[in-house]
Amino acid sequence: MKGNFPVEKFQDIRTPFYYYDTELLRTTLRTINEEAGRHENFVVHYAVKANANPTLLRIIREAGLGVDCVSGGEIEAAMKAGFNPSGIVYAGVGKSDWEINLGLDNNIFCFNVESLAELEVINELAAAKGKKANVAFRINPNVGAHTHANITTGLAENKFGIAMRDMVPVIRKAEEMANVEFVGLHFHIGSQILDMGDFIALCNRINDLQEELEREHIKVENINVGGGLGIDYEHPNRVPVPDFKALFDTYGRHLRLRPGQKLHFELGRSVVGQCGSLITRTLYIKQGEVKKFAIVDAGMTDLIRPALYQAYHKIENISSDEAPETYDVVGPICESSDVFAKQIELNKTRRGDLIAMRSAGAYGEIMASQYNCRQLPKGYTDEEL
Ligand SMILES: *Cc1c(COP(=O)(O)O)cnc(C)c1O
């Protein structure tokens, strides 16, 4: 089964470009709100780094989500899309002074702090403005997600987060500082996680840490468990909406929230991943010794995930219904890793045929580069065409 695309409307658009199905995005957001809404005190943020397309941001804001930013640029993009700064959480191992000041000036909800050195700078910069910054500590829970090595972030030796053994001393430090307010703990163990056991492991770890903090009489108002829920790259049509019920119910069942405590999520990929496709045009069919190459006009500059993580994207020829043949699908960039897929079945493909790379709504358009002096791909929604 192929996706449903308005192929006629694509004919005059310069390829490659991203195409977003806003109806699917809205269905996804409705599901998130319904399933999170069954649990008291669950708060959902959208991780802007997955995709900052302004139209998508507006739709996500209209659904009432908060935002998770990892840079000053993302804070600006979120505010431009109309998000209220009081719903912004800001994470990142390397926040520069202007970025911290931007957060302070706009009174964002919380800085997710990843080191003692950063805490000290936030305290100083807040003091200079006569403000008090809300801070949560990103704790490295040493929980390994069963996912690609480049996207697991929760192991002990990692640039992200504060080690568990440093948690209490760092909180004590914050309590002594005049211009920061300790408001919670933050975790994020990785991405493209489909095994609920990974989230259960995180819940168990957080339960232990909470008991330790209670023994120290430290009160935690907010727990933030980050993002990480995966999507079904193999079956974008059969499973267009990720299993948010499983995610929220897993946390509801396994994480022992204290009365009044809020549980925050920062969902990226699972919100926007399935609603986007990269649309590219076939330039040439090249017959190799044994293989046939479909050379398309999109490259790793437009969608880097296959080259960077050996990621799989389902590829469909949306111009052809002829009998399938086997192709390697490759881009025009001067890098041998500029390969989207090897030995896959496509309906017989000819020069000019439009090809859809599915499940490209997250970490697609936003990761595009201009290597080889290429233009950045544009993003269009169904509403704009
Ligand atoms: C990347 C990131 C997210 C979102 O991750 P997804 O796997 O896309 O859901 C959430 N929180 C933090 C801190 C991140 O770095």
Side-chain angles (χ1 to χ4, degrees), residues 25 28-29 32 36 43-53 56-57 60 65-71 73-75 77-78 87-95 99 103 108-115 118 135-141 143-155 158-162 184-196 198-199 202 222-233 241-244 246-248 250-251 263-276 305 308-309 311 359-367:
L25 176 60
T28 305
L29 290 163
I32 290 171
V43 183
V44 182
H45 304 261
Y46 168 62
V48 176
K49 80 168 192 275
N51 192 322
N53 178 290
L56 303 192
L57 287 184
I60 293 166
L65 274 64
V67 271
D68 161 47
C69 297
V70 294
S71 73
E74 287 189 359
I75 293 175
I88 294 180
V89 294
Y90 175 24
V93 288
K95 302 179 183 75
E99 294 177 304
I108 62 168
F109 169 59
C110 183
F111 291 86
N112 291 332
V113 173
E114 308 216 13
S115 65
E118 179 193 335
V135 296
F137 291 111
R138 177 167 180 176
I139 305 299
N140 205 324
V143 171
H146 296 94
T147 179
H148 190 278
N150 290 4
I151 50 178
T152 175
T153 55
L155 291 172
N158 202 301
K159 75 170 179 177
F160 300 103
I162 293 167
L185 298 178
H186 177 229
F187 305 85
H188 174 69
I189 57 172
S191 204
Q192 186 51 21
I193 298 168
L194 293 165
D195 179 354
M196 291 301 128
D198 290 338
F199 294 125
L202 176 60
N222 299 278
I223 304 273
N224 182 333
V225 290
L229 179 64
I231 62 172
D232 192 336
Y233 282 96
V241 179
D243 196 350
F244 294 106
L247 175 78
F248 294 129
T250 296
Y251 278 102
L263 182 62
H264 299 255
F265 295 83
E266 302 166 339
L267 305 177
R269 186 190 313 271
S270 56
V271 180
V272 291
Q274 294 290 36
C275 81
R305 300 189 66 257
L308 192 59
Y309 315 119
S359 314
Y363 308 109
E365 184 181 357
I366 194 78
M367 289 180 107

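Each residue takes its place number in the sequence, starting with 1. Just follow the structure's listing: the first ligand is 1, and inside any ligand the first atom is 1.
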Ala362 heavy atom under 4.0 Å from ligand 1
no
Please say whether Gln192 places an N or O atom under 3.5 Å from an N or O atom belonging to ligand 1.
no
Do His264 and Phe109 make the cut of ring centroids closer than 6.0 angstrom?
yes
Any donor-acceptor N/O pair, Glu74 side chain to Ala47 backbone, under 3.5 Å:
no
Could you tell me whether a side-chain N or O of Gln192 sits under 3.5 Å from a main-chain N or O of Ile231, the two making a donor and an acceptor?
yes
Find all atoms of ligand 1 within a distance of less than 4.0 Å from any non-hydrogen atom belonging to Ser191, and give their numbers and elements.
6 (P), 7 (O), 8 (O)
Is any NZ, NE, NH1 or NH2 atom of the basic residue among Lys95 and Glu118 found under 4.0 Å from an Asp or Glu carboxylate oxygen of the other?
yes
Among non-hydrogen protein atoms, atom 1 (C) of ligand 1 lies closest to Lys49 NZ, 1.2 Å
May I ask you to list the atoms of ligand 1 that are less than 4.0 angstrom from any heavy atom of Tyr363?
1 (C), 4 (C), 5 (O), 6 (P), 8 (O)
Within the structure, does Val70 bring an N/O atom to less than 3.5 angstrom of an N/O atom in ligand 1?
no
So is Phe160 in contact with ligand 1, going by heavy-atom distances below 4.0 Å?
no
Exactly one candidate in Val67, Asn112, Ile75 meets side-chain contact (heavy atoms from CB on, under 4.5 Å) with Tyr90; the answer is Ile75
Any nitrogen or oxygen of Gly228, side chain or backbone, less than 3.5 Å from one on ligand 1?
yes
In terms of its nearest heavy atom to atom 12 (C) of ligand 1, the top option of Arg269, His186, Glu266, His45 is Glu266
Here the atoms of ligand 1 under 4.0 Å from any heavy atom belonging to Gly227 are 9 (O), 10 (C)
If only atom types and distance count, is the side chain of Tyr46 paired as donor or acceptor with the main-chain N or O of Asn51 below 3.5 Å?
yes
Taking Asp68 for its side chain and His45 for its backbone only, find out whether a donor-acceptor pair lies under 3.5 Å.
no
